[in-house]
Visitor: 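Can you keep this structure in mind? I'll have questions shortly.
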There are 2 protein chains.
Amino acid sequence: MAGEDRAEGFEKSGDLDFPRPLTTVDVVIFSIRGDQLQVLLVRRPAGEDEPFPQALALPGGFVDVVKDRDLAACAARKLKEKTGVTAPYLEQLGSWGSASRDPRGWSATHAYFALIPEEAGALTPDARWFPIQGGRLKEKLAFDHSDILASAIQRLRNKVEYTSLPAYLMPAEFTLPDLQRVYEIVLDRPLEKSAFRTRILSADMIEPVAKMRRGPNRPAQLYRLKKNSKPVYFVRTFNPPE
Amino acid sequence: MAGEDRAEGFEKSGDLDFPRPLTTVDVVIFSIRGDQLQVLLVRRPAGEDEPFPQALALPGGFVDVVKDRDLAACAARKLKEKTGVTAPYLEQLGSWGSASRDPRGWSATHAYFALIPEEAGALTPDARWFPIQGGRLKEKLAFDHSDILASAIQRLRNKVEYTSLPAYLMPAEFTLPDLQRVYEIVLDRPLEKSAFRTRILSADMIEPVAKMRRGPNRPAQLYRLKKNSKPVYFVRTFNPPE
DNA sequence: CGAATAGTGTCTCTGAGACATTATAGC
DNA sequence: GCTATAATGTCTCAGAGACACTATTCG
């Protein structure tokens, strides 16, 4: 059955009649809400034969070989279904597959992570936002979703050190102090204003709009993301403390 | 058949009787041979009903739900089978899945990439090394393996700018000029000797052995990787030209 | 000695960190 | 004027780039 031939790499692939792992896609969806980094989670159904009934989980599910042309389309579909949003930023995170992660049998999930602005979309009723505090989620998740989420948080933090990713968490128009605040929320440490501004402005990723944000103090210049702006990679990280 | 319920994320998962994609693992194995970056490829079988008969491909194959505990173990097994080597460096690269990449049906592959030293292992007869020239392979590959390889090359080059990954391509003992040469081969551009040495030596990743490499000129200090040394991440990239 | 490569030193430049200073709004 | 926040400027420091210079072997 699960013999050598197959494992050696297609040598007898004319015969495709052997057990296949389950194939799923899960999406880690981040947003900034109320000055916190938050992640979108759904509650699993309650059925008798359900794995992890009622547990919290990442939005996701089985690949649909009819509806989904490829993995990215599948992830985009799940994102759209849960949030109404179409791909501001969607990146593949990695895959997790083993005999034990799903009680129903050998399964492999393709994990993606998405960044969306606070204003975006209309949630489905089964989905809720949960804050990431101290770089972690308090709640336990179904399957190995806690591992996947931890990996997503680490990847996000890492990349925020040397990329413009937080721009995708911003509303259409924002000020430089707004953007710096989002960097600081994700990294959970303060950044130097002066160095921050130099870095962002020299990256040619945002452009000023002819408006200012007014408040009880000096107004701030409003900016927007430049058209078709891909993420920018800086040649240095922010120097992590110590 | 491929209806909404399933796609919505396990909601009816009691019913697992629907088409599953094929699940494979492929490994991009790099080594330095004869002053070139090379990749290990196998030739596909010639059978009538084989996809891409006789074409070159990355080593890999179906996940074996009996033999393979998880994806990484599956990748390590394939690496071992083809090269006799056990994991000097093995990292997940990403996954590729679509309806069209394999003529036998919807399939998803989990791609890994491995770095091994030149001396290592005994190849199986169906595997051969092919040089990467100008950052690309001349040969066309089966499936979407050309895309996967291109992605692996890009990831490798990227990481070499700010990590110690090339250390895993080195023999047990090597000199600093040797190591610099490997960096230069992968990046395909010369590096400054002085800056290179400062960076590597301050990274605390290698240690001198009490030997010198002798030649027709001044001998060079031999080094080895420190025990259990994980890859080092530098806070700056080498400044790319222009 | 010369050739060749190993290894070090010097000078400049860029960008981050720290922190002071100036600017502009509301009250 | 006072307060609060936006925006800029100054000084220092680390590390890269460029390149000169010294060191050590063989022949």
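A quick note: this is a predicted structure, and the numbers were derived from the prediction, not measured. FYI, side chains are in, hydrogens and waters are out, and symmetry mates aren't considered; it's all heavy atoms of this structure. Chain identifiers are assigned alphabetically (A, B, ...) following the order of the sequence lines, protein sequences preceding nucleic acid strands; residue numbering begins at 1 within each chain.
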Visitor: Per the atom types in the model, does the base of D/dG17 pair as donor or acceptor with the side chain of B/S194 at under 3.5 Å?
Guide: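 Flag unset: no donor-acceptor pair detected.
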Visitor: In Å, rounded to the nearest 0.5 Å, how long is the span from CZ of B/R218 to CE of B/M212?
Guide: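 One finds 7.0 Å between CZ of B/R218 and CE of B/M212.
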Visitor: As an exercise, state the distance from NE2 of B/H145 to NZ of B/K140, rounded to the nearest 0.5 Å.
Guide: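 Going from NE2 on B/H145 over to NZ on B/K140, the span is 14.5 Å.
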Visitor: With no hydrogens and no angle check, do the side chains of B/E91 and B/Y89 hold a donor and an acceptor under 3.5 Å apart?
Guide: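 Result is yes, a qualifying pair exists.
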Visitor: Using five base pairs at each end, measure the axis-to-axis angle across the helix from C/dC1-D/dG27 to C/dC27-D/dG1 and round it to 10 degrees.
Guide: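 Nearest ten degrees gives 10° for this helix.
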Visitor: Starting at CD of A/E192 and ending at P of C/dA20, how long is that distance when rounded to a whole Å?
Guide: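 Computing the A/E192:CD to C/dA20:P distance gives 11 Å.
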Visitor: What N/O pairs connect the protein and nucleotides 24-27 of chain D at under 3.5 Å? Give each pair on its own line.
Guide:
from   : atom 1 : to     : atom 2 : distance (Å)
D/dT24 : O2     : B/R218 : N      : 3.4

Visitor: Between the side chains of A/D126 and A/K82, is the shortest nitrogen-to-carboxylate-oxygen separation below 4.0 Å, so that they form an ion pair?
Guide: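 Yes, this pair counts.
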Visitor: Is there side-chain contact between A/L41 and A/L137, with heavy atoms separated by less than 4.5 Å?
Guide: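 A/L41 reaches A/L137 side chain to side chain.
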Visitor: Consider the side chain of A/A195, meaning its heavy atoms from C-beta on, and name the nucleotide among C/dG7, D/dG17, C/dG17 that approaches it most closely.
Guide: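 Taking heavy atoms from C-beta onward, the closest nucleotide is C/dG17.
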Visitor: Hey, what do you get for CG (A/L93) to CG (A/L58), rounding to the nearest 0.5 Å?
Guide: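 Here the rounded value is 9.5 Å.
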Visitor: Could you work out which one of C/dA6, D/dA6, C/dG9 sits closest to the side chain of A/K193?
Guide: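 Nearest listed nucleotide: D/dA6.
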Visitor: Is the shortest side-chain N to carboxylate O distance from B/R157 to B/E161 below 4.0 Å?
Guide: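 Looking at B/R157 and B/E161, the cut-off is not met.
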Visitor: Please state how far atom CZ in A/F174 lies from atom P in D/dA6, giving the value in whole angstrom units.
Guide: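 Computing the A/F174:CZ to D/dA6:P distance gives 14 Å.
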Visitor: Tell me whether the side-chain N or O atoms of A/R236 pair up with the base of C/dT14 as donor and acceptor below 3.5 Å, since no angle test is needed here.
Guide: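 When only heavy-atom distances are counted, A/R236 does reach the base of C/dT14 through a donor-acceptor pair under 3.5 Å.
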Visitor: Would you name the heavy atoms of A/L115 and A/P88 that are closest together and state the gap between them?
Guide: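 So the two residues come closest at O-CG, 3.1 Å.
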Visitor: Counting only side-chain nitrogens and oxygens, does B/R199 get under 4.0 Å of the OP1 or OP2 atom of D/dA16?
Guide: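 It does, given that an N or O in the side chain of B/R199 lies less than 4.0 Å from OP1 or OP2 of D/dA16.
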Visitor: How long is the line joining OH of A/Y162 and C1' of C/dA16, in whole Å?
Guide: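 Nearest whole value for this atom pair: 18 Å.
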